[in-house]
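When a ligand or atom number is given, it counts from 1 through the structure's own listing order. Just so you know, residue 1 is the first one in the sequence shown, and it goes up from there.
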Amino acid sequence: MTNPTAEGNTPYHTLTISHIREEVPGVKTFSFTGGESLPYKAGQYLTLVHHSPHGEVRRSYSITSSPALQEPLTIGVKRIENGLFSRMLVDNARVGDKVKTTGTAGLFTLPDDTALYQQVFFLAAGSGITPIFSLLKTLLHTQHHLSAVLLYSNSSPEKAMFIGPLQQLAQEFPDRLHIEFIYSNSPDLSRARLHKDLLHHYLHTLAKAPIEQQLFYLCGPDNYMRLMSFALRQIGIPESNIRKEIFNTDIRKPAKLMPPDTAARAVTLYLKDKAYTFRSRYPLNLLQSARQAGIAIPYSCETGKCGSCLARVLQGQVWMSYNEVLTEKDIQKGLTLTCVGFPVGGDVELEIL
Ligand SMILES: Cc1cc2nc3c(=O)[nH]c(=O)nc-3n(C[C@H](O)[C@H](O)[C@H](O)COP(=O)(O)OP(=O)(O)OC[C@H]3O[C@@H](n4cnc5c(N)ncnc54)[C@H](O)[C@@H]3O)c2cc1C
Ligand code: FES
């Protein structure tokens, strides 16, 4: 059972590791008991918390299980050289160990209205398959009108996670799923890496719907994401049809930009049916100001890259110094990120989502 505990006023849930599996060298999946009362959508992540002598450390890991298949809550973790959290999990965690989490979050999910689309292209590289595995299973089992293409890049077959289960899915859904495995050690150099021309070839030969009815999900290392985003835009895919999940392991914060208005502003914040008021002034962002006022609102990366600190602006204006999560459409709907958000032009009212 999930056991929410209050530390400060942050509710943590405790999960127990029930199963660990080494998928490929250096990458393990961890399944949990206690996750039954943590609702999640395919494509979301779990934020884990560790209390070190130097303070609280949070890291997000994408959920590989599907909420539609009654699978135990499972995450996939790749060991990062000199990484604090990933080594703690991959090298030291054992079945029966308990982990703390602030819960599930993320916008890398299927659209609310899937009827607008006919085909989904998933572009995954390396451990970027983790959220896509969950999305793919969920789509195939619940969205019967959608077909899917997975373009899955790895350095070699030995490094590719979930090959067996993916091949099984392709057999189970032969008319709705097509997978291309791409290996950089392939002797055929024209197919060793997913480049713009190869991507164009796949989109052209595997398309089953007009572009506006196709969706694209990208997840992989930073340079892969940059290249694929650029290639898709060059091919003519509209930004609004592209969803990205960035596993940014770079601890350097993006360059600090100054908001156009640095005056102190009153903030009214609604969090779980309670209203809080405090003042926020540059250089503190909304998240930092809330924490200074003793209000624990959700966060993970603190750099505008994960979406854990998502809020809706009910009144006023919030300026973001950085954003790799929200689309133009999201921003038009009033969504913002408190970890990079500053009130500008007057007082603001926000609802934490
Ligand atoms: C939305 C989201 C989803 C994610 N999903 C996954 C997932 O499914 N699977 C997965 O494996 N990861 C995932 N990640 C990445 C994950 O959250 C961590 O960032 C990753 O595991 C690295 O954390 P770490 O604590 O091991 O490394 P860190 O300790 O954060 O270190 C990262 C790197 O920085 C270097 N470094 C650390 N401290 C310093 C310093 N003081 N000076 C210079 N360099 C330093 C380290 O050498 C290392 O190379 C996700 C991230 C996000 C934002
Ligand atoms: S905490 Fe990650 S985007 Fe704000």
Side-chain angles (χ1 to χ4, degrees), residues 22-24 26-30 40-50 52 54-65 73-93 99 101-109 124-135 159 161-162 217-222 225 243-254 285-288 290-291 296-311 318 320-326 330-331 335-342 350 352-353:
E22 183 170 59
E23 300 290 341
V24 292
V27 187
K28 290 185 177 174
T29 46
F30 297 84
Y40 71 95
K41 290 183 185 169
Q44 288 193 313
Y45 55 81
L46 187 69
T47 298
L48 299 182
V49 183
H50 171 69
S52 80
H54 308 293
E56 189 184 84
V57 182
R58 296 186 179 194
R59 295 287 185 273
S60 301
Y61 292 99
S62 297
I63 298 168
T64 61
S65 47
L73 182 68
T74 302
I75 56 170
V77 182
K78 178 181 173 179
R79 186 184 191 282
I80 300 286
E81 199 62 37
N82 301 324
L84 173 82
F85 223 117
S86 60
R87 284 189 303 158
M88 227 157 47
L89 288 169
V90 174
D91 295 352
N92 301 329
V99 296
T101 173
T102 54
T104 56
L107 299 174
F108 193 62
T109 53
S127 57
I129 190 68
T130 47
I132 285 181
F133 188 41
S134 174
L135 284 164
K159 296 269 175 70
M161 290 168 84
F162 306 136
Y217 285 77
L218 274 65
C219 190
D222 286 357
M225 298 287 286
R243 311 273 186 274
K244 301 174 206 166
E245 187 73 312
I246 296 167
F247 289 3
N248 201 308
T249 54
D250 188 346
I251 54 144
R252 284 165 304 176
K253 305 226 167 189
N285 57 46
L286 286 162
L287 171 67
Q288 290 165 333
R291 285 167 72 187
I297 58 178
Y299 72 92
S300 178
C301 73
E302 293 186 78
T303 53
K305 294 172 184 167
C306 76
S308 289
C309 64
L310 190 68
V318 172
M320 285 186 285
S321 59
Y322 194 82
N323 162 35
E324 287 193 28
V325 181
L326 301 176
D330 294 331
I331 295 169
L335 298 186
T336 194
L337 303 170
T338 63
C339 74
V340 286
F342 299 86
L350 299 174
I352 299 298
L353 300 175

With atoms numbered from 1 as shown, which atoms in ligand 1 lie under 4.0 angstrom from a non-hydrogen atom of [X]?
X     : value
Lys78 : 10 (C), 11 (O)
Ile80 : 22 (C), 48 (C), 49 (O)
Val77 : 11 (O)
Glu81 : 46 (C), 47 (O), 48 (C), 49 (O)
Gly83 : 24 (P), 26 (O), 27 (O), 28 (P), 29 (O), 31 (O)
Tyr45 : 1 (C)

Looking at ligand 1, is there an atom of it that comes within less than 4.0 Å of some heavy atom belonging to Cys301? no
Yes or no: does Ser127 have any heavy atom under 4.0 Å from an atom of ligand 1?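 Flag not set, Ser127 not near ligand 1.
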Please check if the side chain of [X] supplies one atom and the backbone of [Y] the other of a donor-acceptor pair under 3.5 Å.
X      : Y      : value
Glu302 : Cys339 : no
Arg291 : Leu287 : no
Thr338 : Leu286 : no
Thr47  : Thr102 : no
Lys244 : Leu218 : no
Thr64  : Ser134 : no
Thr101 : Leu48  : no
Tyr217 : Leu135 : no

Of all the atoms in ligand 2, which lie at a distance below 4.0 Å from a heavy atom belonging to [X]?
X      : value
Cys339 : 1 (S), 3 (S), 4 (Fe)
Cys309 : 1 (S), 3 (S), 4 (Fe)
Lys305 : 3 (S)
Gly304 : 3 (S)
Glu302 : 1 (S), 2 (Fe)

So does Cys301 have any N/O/S atom less than 2.8 Å away from atom 2 (Fe) of ligand 2? yes
With heavy-atom distances below 4.5 Å as the criterion, would you say the side chains of [X] and [Y] are in contact?
X      : Y      : result
Thr130 : Phe247 : yes
Leu353 : Leu335 : yes
Leu89  : Arg59  : no

Do any N/O atoms on Lys305 end up under 3.5 angstrom from N/O atoms on ligand 1? no
Does any N or O of ligand 1 fall below 3.5 Å from an N or O anywhere on Arg87, backbone included?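 In fact, backbone or side chain, Arg87 has no N or O that close.
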Between Glu245 and ligand 1, which part of the residue brings a heavy atom under 4.0 Å of the ligand: side chain, backbone, both or neither? side chain
Can you tell me how the ring of Phe85 sits relative to the ring of His50, calling it parallel under 30°, perpendicular over 60° and tilted otherwise? perpendicular
As a check for students: among [options], identify the option with a heavy atom nearest to [atom].
atom                    : options                       : result
atom 25 (O) of ligand 1 : Phe108, Phe247, Phe85, Phe133 : Phe85
atom 46 (C) of ligand 1 : Asn82, Leu84, Leu46, Ile246   : Asn82
atom 3 (S) of ligand 2  : Gly307, Gly341, Ala105        : Gly307

With a cut-off of 2.8 Å, does Cys306 put an N/O/S atom close enough to atom 4 (Fe) of ligand 2? no
Just checking, is any N or O donor in the side chain of Ser300 or Ser60 under 3.5 Å from an acceptor N or O on the other one? yes
